[in-house]
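Side chains included, hydrogens not; waters and symmetry mates left out as well; all remaining heavy atoms used.
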Amino acid sequence: MIAIVTGSKSFIGSAVITALCDRGVEVVPLRHSFEEEPSLLPASADIWIHFAWAGQGPKGRVDKDIQSYNMEMSMAALRKASELSVRRFVFAGSQAEYGPGRKGTSRREDSPLRPVSEYGRAKSAFAGLAREWVRSFNEDGGELSFLHLRIFSVYGGGDREDSLVSSALRSFSEGRDMELSDCSQLWNYMYIRDAAEAISHLSMLPFGALPEYEAVNVASGDTRSLRSYIEELKAITGSSSELCFGTRSQNAEGACDLDPDISRLRSLGFTERYSFSEGIREMLSEITYR
């Protein structure tokens, strides 16, 4: 089996490549767009997993031009996949597509989408365009399935230094106090190795085993307040840092409650291995702070 992975150097993309290789898959890694590395493309492939997406930091998530470019690049990748006789195109979507939620209401794959950031809007819009394009392509005799993964918060070694978990661990290791929002919203963290295994597992399921044109939430079974996660982080490190809740503004998506329904992921045969504390301890064993 041959898999093309765009965004191969991204945090999740690089971990998925490792998981695929462990499963005996031949991987063709492309750092950015295939258009920048056309000579690396094989004559054909079985799977195309698309992580390439610029502007994922705080500034990029609200930049409409960057997000419009991402959509154009992603549609070009989808069309190229069809030319290479790819059977399954896997799109790395995001929990940001759901937008603000409310406590007591889980995010099912068929829940209404109300994204508030340009990032979330673009991810959702591309997924809709891609589904329609694939439907039309298949009606004309093509054989391409589209798998839309809505990935929730993933943490681990190799993540951006400004991510909440990474910045918290750095602050705790240096004994610095940490300014935070009130962190009262529900949150869901998944360790990078579990996320990579989930994505590779779903990508390699037999053709026809996945719901046609549907999304799958990729998240853990551990949903609780973000404050609880941060307090556990501090306890694991034994830091004397003070947690200053309510002293920092929210991110581009605002105070969203992330309460994913993962029944579809479970029904497709995946269960995570790592608890949050186990993932953090693995992460700490891999990181040296200077």
Side-chain angles (χ1 to χ4, degrees), residues 7 10-13 15-16 19 47 49-51 53 56 61 74 88-117 119-128 130-131 145-156 159 163-165 185-205 209-226 229 251 253-276 279:
S10 65
F11 171 47
I12 300 179
V16 168
I47 301 168
I49 309 178
H50 187 62
F51 292 103
W53 197 274
Q56 297 192 47
R61 291 171 84 92
S74 298
R88 175 175 291 147
F89 188 92
V90 182
F91 171 57
S94 167
Q95 52 81 16
E97 298 173 50
Y98 287 112
R102 63 180 187 274
K103 288 183 174 62
T105 304
S106 296
R107 306 302 184 87
R108 292 168 48 91
E109 288 86 352
D110 58 359
S111 294
L113 302 180
R114 301 187 181 93
V116 296
S117 66
Y119 172 81
R121 292 189 188 105
K123 287 271 187 176
S124 178
F126 168 71
R131 280 192 293 270
S145 66
F146 177 72
L147 175 57
H148 178 192
L149 305 180
R150 292 204 184 105
I151 302 171
F152 282 67
S153 291
V154 178
Y155 70 96
D159 195 4
S163 73
L164 182 55
V165 168
Q185 65 266 45
L186 291 176
W187 209 256
N188 184 288
Y189 272 122
M190 190 178 207
Y191 185 47
I192 182 60
R193 292 183 186 174
D194 278 332
E197 285 297 329
I199 293 167
S200 60
H201 170 78
L202 293 170
S203 299
M204 294 180 64
L205 285 174
L210 290 162
E212 190 68 11
Y213 306 118
E214 294 292 343
V216 178
N217 287 335
V218 177
S220 76
D222 184 9
T223 295
R224 49 182 153 129
S225 73
L226 182 56
Y229 276 116
N251 63 16
E253 276 78 40
C256 299
D257 281 306
L258 303 187
D259 185 5
D261 182 314
I262 57 171
S263 56
R264 179 171 289 171
L265 178 65
R266 292 282 194 264
S267 72
L268 292 168
F270 182 81
T271 301
E272 71 271 14
R273 293 177 50 204
Y274 291 85
S275 68
F276 182 66

Point to revise | Arg266: partners by salt bridge (Lys or Arg N to Asp or Glu O under 4.0 Å), with sequence neighbours left out | key: Glu272
Study note, to complete from the structure: When rounded to the nearest 0.5 Å, the distance separating CG of Leu164 from OG of Ser153 is 9.0 Å
Practice item. Look up atom OG in Ser220 and atom OH in Tyr274, then write down how far apart they are to the nearest 0.5 Å. Key: 14.5 Å
Check your understanding: Of all residues at least two apart in sequence or in a different chain, which pass the ring-ring contact (aromatic ring centres under 6.0 Å, His included) check with Phe51?
Key -> none
Check your understanding: Between Leu202 and Val218, is any pair of side-chain heavy atoms under 4.5 Å apart?
Key -> yes
Practice item. Can you measure from CD1 (Ile49) to CZ (Phe89) and round to the nearest 0.5 angstrom? Key: 10.0 Å
Review point. Under 4.5 Å between any side-chain heavy atoms of Met190 and Phe152, yes or no?
Key: no
Review point. Sub-3.5 Å donor-acceptor pair from the side chain of Ser203 to the main-chain atoms of Ile199, do we have one?
Key: yes
Check your understanding: Hey, is the main chain of Arg108 close enough, under 3.5 Å, to the side chain of Tyr98 for a donor-acceptor pair?
Key -> yes
Exercise for review: Please name the residue in the list Ile262, Asn217, Leu265 that meets the side-chain contact (heavy atoms from CB on, under 4.5 Å) test with Glu109.
Suggested key: Asn217
Exercise for review: Please list, chain by chain and in numerical order, all residues satisfying ring-ring contact (aromatic ring centres under 6.0 Å, His included) with Phe126, sequence neighbours excluded.
Suggested key: Phe91
Review point. Do Ser163 and Tyr155 have side-chain heavy atoms sitting under 4.5 Å apart?
Key: no
Exercise for review: For the residue pair Ile192 and Asp159, establish whether any side-chain heavy-atom pair is separated by less than 4.5 Å.
Suggested key: no
Practice item. Please say which of Arg107, Arg150, Arg114 ends up in a side-chain hydrogen bond (donor to acceptor under 3.5 Å, both in side chains) with Glu97. Key: Arg150
Check your understanding: Considering only heavy atoms from C-beta outward, does the side chain of Pro100 approach that of Val116 to under 4.5 Å?
Key -> yes
Check your understanding: Would you call the rings of Tyr189 and Tyr229 parallel, tilted or perpendicular, where under 30° means parallel and over 60° means perpendicular?
Key -> perpendicular
Point to revise | Rounded distance (nearest 0.5 Å) linking atom CG of Leu149 with atom NZ of Lys123 | key: 10.0 Å
Review point. Considering only heavy atoms from C-beta outward, does the side chain of Leu147 approach that of Leu205 to under 4.5 Å?
Key: no
Practice item. Find out whether Gln56 and Phe11 are in side-chain contact, i.e. whether some heavy atom of one side chain is under 4.5 Å from a heavy atom of the other. Key: no
Practice item. Spell out, as yes or no, whether a donor-acceptor pair under 3.5 Å connects the side chain of Arg193 to the backbone of Gly156. Key: no
Check your understanding: Is there a side-chain contact between Gln95 and Asn188 (heavy atoms, below 4.5 Å)?
Key -> no
**Study point:** Gap between atom CG of Asp194 and atom NE2 of His201 - 0.5 Å precision
**Key:** 12.5 Å
